[in-house]
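Just so it is clear, the values below take in all heavy atoms, side chains as well, and ignore hydrogens, waters and symmetry mates. Along the sequence shown, residues are numbered consecutively beginning with 1. Quantities reported herein were computed from a predicted structural model and do not represent experimental measurements.
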Amino acid sequence: MTNSPPPPPGSTPPSGRPLGFDELISIVIAFLVLGTVFFWSTSRREQSFVLLDPQILPQQPDASEGDRQEEDSAEEVEPERLVPFGVVPGLEPQGDRQTNVVVIPAPAREAAESRRAAVPLDAREPSEDLDTPQAGGIVPLPVDPSPTATTPDALPVGEPIEFTDVPSDFWARPFISEMSARGIISGFDDGTFRPNQPITRAEFAAMLREAFGQEPDKRSAPTFGDVPADFWAASAIQKSYQIGYIEGYPGNVFQPTQQIPRVQALVALATGLGLNAPADTIGIEQTYQDADQIPDYATGKIAAATESRLVVNHPNPQTLEPNQNATRAEVAAFIHQALVQSGRVEPVESQFIVQP
């Protein structure tokens, strides 16, 4: 008998041989996999499988509830939802393109308000609620409704100058001290103030410029023929004219070295402050014993200055002496009272202030 050769490697074994252990294990695993796939496919019919949290996916309303949601959208605020980071609330997506974005929570607004264009605070109507947070949680800064103040600031206070010719018992010392402490008057190089010296129109203009130069110009100043450009008070005369406190003379002259009467100084202050004459000026006849000496053109302004407590008379408060040349001390007292009337300095006590 001749022996048959062994089969070549990889050939099929003869039929009828029983299955090995490894082959049985493979068949069982295959059935398990098929059963798992079958179970998964049947379970999808009842509940869909999701890879993301449903809260972050856009929810589509049912068709049956669409009408009800449109009616309530104008009255109710939508619940808090997640919106894409970097997307401005209220803006619609461009086309049908979808983008994978990171989402963060943000408060939602009503549809109409979320689509409102950004408006500067100063352009909003007064009826709009500026305290309500806008879309995206931005709260606009409050706007101060108070009007801008137009009253000039109070003059800074320094140390008063101790003039050698103004003793502590001098009648005008309180006014002079207050004026020097605010830099309105400075006296002369020899340390004197010369309070009883008649004041010139140029000196008066210099005091006016220091006291009221912060006020806005009301008119343009002419070029006075008797005030050279290098005159020591040229700029003060120009400014005092521009703010409406002094006037020139016919012929385009100013007469800077001329002494100024008391009535003219008071009229200039009342005019510059915009004081209106009272309807009845008879009261000044009862206030001043020499009221008949007041020029007709100055009656209304003197009455206004008296009502505003600008007038200071020494030694007798009831004697105005309107046509007497004003001294440097008297003008310092007049200007101080004008600053008190405009709220820029504190009042001082003096028995020589005329009470209306």
Distance in Å, Glu178 CD paired with Ile185 CD1, rounded so as to fall on 0.5 Å steps
10.5 Å
List the atom of Ile335, the atom of Ala211, and the distance in Å for their closest heavy-atom pair.
CG2-CB, 3.7 Å
Is there side-chain contact between Pro295 and Asn323, with at least one heavy-atom pair below 4.5 Å?
yes
Least distance between heavy atoms, Ala221 atom then Tyr241 atom:
CA-CD2, 3.6 Å
Donor-acceptor pairs are to be reported for all side-chain atoms of residues 270-283 against protein atoms at under 3.5 Å, with residues two or more places apart or in another chain.
from: Thr271; atom 1: OG1; to: Val267; atom 2: O; distance (Å): 2.8
from: Asp280; atom 1: OD1; to: Ile282; atom 2: N; distance (Å): 3.0

With a 3.5 Å distance limit and no angle check, can you tell me whether Gln337 reaches the backbone of Arg309 through a side-chain donor-acceptor pair?
yes
If you compare all heavy atoms of Val348 against all heavy atoms of Phe175, which two are closest, and at what distance to 0.1 Å?
CG2-CE2, 3.6 Å
With a 4.5 Å heavy-atom cut-off, do Pro174 and His336 have their side chains touching?
no
Show me, pair by pair, the donor-acceptor contacts under 3.5 angstrom made by side chains of residues 243-261, not counting sequence neighbours?
from: Tyr245; atom 1: OH; to: Glu215; atom 2: OE1; distance (Å): 3.4
from: Tyr245; atom 1: OH; to: Glu215; atom 2: OE2; distance (Å): 3.1
from: Glu247; atom 1: OE1; to: Arg219; atom 2: NH1; distance (Å): 3.4
from: Glu247; atom 1: OE2; to: Arg219; atom 2: NH1; distance (Å): 3.0
from: Glu247; atom 1: OE2; to: Arg219; atom 2: NH2; distance (Å): 3.2
from: Tyr249; atom 1: OH; to: Gln258; atom 2: OE1; distance (Å): 2.7
from: Asn252; atom 1: ND2; to: Thr223; atom 2: O; distance (Å): 2.7
from: Gln255; atom 1: OE1; to: Gln258; atom 2: NE2; distance (Å): 2.7
from: Gln259; atom 1: OE1; to: Asn325; atom 2: ND2; distance (Å): 2.7

Rounding to 0.5 Å, atoms OG1 (Thr306) and CG (Asn313) come to a distance of 8.5 Å
Check whether Arg328 reaches the backbone of Phe193 with its side chain - one donor and one acceptor, N or O, closer than 3.5 Å.
yes
Inter- and intrachain pairs under salt bridge (charged side-chain N to carboxylate O under 4.0 Å, His left out), touching residues 249-265, at least two apart
Arg262-Glu330
Donor-acceptor contact below 3.5 Å, side chain Ser342 vs main chain Leu339
yes
Is any side-chain heavy atom of Thr287 closer than 4.5 Å to a side-chain heavy atom of Pro356?
no
Above 12 or not: heavy atoms from other molecules or residues under 6.0 Å from CD of Glu159?
no
Rounded to the nearest 0.5 Å, how far does CD1 of Ile294 lie from CD1 of Ile284?
4.0 Å
Of the non-hydrogen atoms in Ala229 and Ala234, which two are nearest, and what is the gap between them?
O-CB, 3.9 Å
Under the 3.5 angstrom rule, does the side chain of Thr192 hit a backbone N or O of Phe188 as a donor-acceptor pair?
no
Could you please spell out the steps behind the side-chain contact (heavy atoms from CB on, under 4.5 Å) verdict for Val345 and Val157?
CA-CA 9 Å; Val345 300; Val157 183; over 6 Å; no
Chi angles and distances behind the side-chain contact (heavy atoms from CB on, under 4.5 Å) call for Glu210, Met207:
CA-CA 5 Å; Glu210 296 301 323; Met207 288 188 184; 5.9 Å; no
Pro317 side chain reached by Gln351 side chain, heavy atoms, under 4.5 Å:
no
Considering all heavy atoms, the nearest Phe231-Ala202 contact:
CE2-CB, 3.9 Å
Between Glu285 and Ala291 the two heavy atoms that sit nearest each other are CA-CB, 3.8 Å
Could you give the distance from CD (Gln197) to CZ (Arg194), rounded to the nearest 0.5 Å?
5.5 Å
Which residue pairs pass the ring pair (Phe, Tyr, Trp, His ring centres under 6.0 Å) test when at least one of the two sits in residues 301-332, sequence neighbours left out?
Trp171-His314, His314-Phe352
State the OG-CZ distance between Ser186 and Phe163, to the nearest 0.5 angstrom.
6.5 Å
Just by modelled atom types, is the Ile161 backbone N or O under 3.5 Å from a matching donor or acceptor in the Ser180 side chain?
yes
Would you check, one step at a time, whether the test side-chain contact (heavy atoms from CB on, under 4.5 Å) holds for Leu266 with Leu320?
CA-CA 11 Å; Leu266 290 170; Leu320 181 62; 4.1 Å; yes
Please report the interatomic distance NZ(Lys239) to CZ(Phe212), rounded to the nearest 0.5 Å.
13.0 Å
Test of understanding: with salt bridge (charged side-chain N to carboxylate O under 4.0 Å, His left out), list the residues that count as partners of Glu307, not counting sequence neighbours.
none
Would you list the pairs meeting side chain to side chain donor-acceptor pair (under 3.5 Å) in which at least one residue belongs to residues 289-301, sequence neighbours left out?
Gln289-Gln318
